[in-house]
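Reviewing the structure listed below.
Whatever order the structure lists ligands and atoms in, that order sets their numbers, starting from 1. If you read the sequence from its start, that first residue is 1, and numbering goes on from there. Treat the numbers as computed from the prediction; the structure is a model and nothing was measured.
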Amino acid sequence: MRTLIIKGGQVIDPKNGLNKTADVLIEDGSIIGVDAGVNKNGAEIIDAKGKVVCPGFIDLHCHLREPGFEYKETIATGTLAAARGGFTTVCAMPNTDPVADSRAIVDFVLAKAADQGVVRVLPIGAVTKESKGTELAELGELADAQVVGFSDDGHPVRDANIMRQALLYASSIGLPVINHCEVKSISAGGHMNEGWVATRLGLKGIPNSAEAIMVARDIELAELTGGHVHIAHASTKGTIDMVRRAKESGINVTCEVTPHHLTITDEAIMGHGHDGDPYGQLKDDAYDPNAKVSPPLRARADVEAMVSALKEGVIDLIATDHAPHGTVDKQTTFADAANGISNLETALGSLMSLVHLKNIDLEGVIEKLTVAPARLLGRDDIGSLSPGTPADVTIIDTEAEWVVETSQFASKGKNTPLAGATMRGKAETTIYNGRIVT
Ligand SMILES: [Zn+2]
């Protein structure tokens, strides 16, 4: 029997209402209990004094790129990046090549994850065949293969009737449909948020309504079908207002927000350290393709709305939308660059900036990364330090200062607008199933 004791940390376990100095006892990969003064002969001890000890994070939305885009990421590198960021469970989006629209591909992902993954991988199946939006995938077959939801992420489910059918089928299976809400006829040709920054930079913008119109549609369809729609990467105040109203009327809608939509505005595309003066000099790193993401980085008012919606509870959870790319995908003009940010290794650092600014408390952040996604997944066995559950534990040094060096990333994706930034707070140790991963 292998025994591990994490000693003297500030244990934060929102599911169990714990926030106190205590020891965590782990035996044979499972949590045995959280208590003061735990001792056992022969136990391996981790000294967590001055650190925060919490359940391993769960990422409901990430792109592991395998099969098909192994030059961007693999299940091995993506799950190691996850562990470095404090995540012990990641939900893999199906926009691989081939798309995870059949049992064979989902089985492949699960087999690869069992063989090479260092944390838990939960696959998400496609809504439509090849995610082309024209014909429903075999949702029942995908559910049998253990997918945790359906999504065509990367693309919206364009056709309203297909979305309606998907919600009907998915609700009979008890799984959510996760939609990337974007009306392409509105966003088409846009490269960043529509607003004064886009005008200043001479780039075509994407208005907030490109997102909000589809959110409105999906809420109507969720009400019509009784299905569960989960809004991926909510980024606008309008989205939040609609989700709030829908929840008040009892419609089965949930939503997530990314660390970047909580912390970075579209002004980042004018370059690091820009003072936000519309007439000010652009910085050397203006037009950084690493700041190009879908949905785009939004205006200050939207970012502020995201933070207050997170505090208010309208936003259910935080997900990274980790979207690693190869350098060839990003080292091009802003217009031609791929969308996405490599996020797993900086997510906590970004969120800690909100904690240090006292915009949100650490317990709230941990809740949105642990029990909240577990609840959405309907999983009682992850997202907490409850006795008898797998010992997935993250130890956080909230004060550790570090500089984002993309060359040090475990992820193959070096694409982040945060390269070179100084962060305060990081996952120091990540334990998955009782084993120290990193
Ligand atoms: Zn998306």
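A side-chain donor from one of Glu73 and Ser411 sits under 3.5 Å from a side-chain acceptor of the other.
The nearest N, O or S atom of His233 is closer to the Zn ion (ligand 1) than 2.8 Å. At least one N, O or S atom of Asp153 sits under 2.8 Å from the Zn ion (ligand 1).
Applying the 6.0 Å contact sphere to NZ of Lys237 captures no more than 12 heavy atoms from other residues, nucleotides or ligands.
The closest approach of His180 to the Zn ion (ligand 1), by N/O/S atoms, is made by ND1.
A side-chain hydrogen bond (donor to acceptor under 3.5 Å, both in side chains) check over residues 212-224, counting only residues at least two apart or in different chains, returns the pairs Asn179-Asp218.
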Practice item. Carefully, step by step, assess His61 and Asp153 under the rule side-chain hydrogen bond (donor to acceptor under 3.5 Å, both in side chains). Key: CA-CA 9 Å; His61 186 152; Asp153 188 61; 2.9 Å; yes
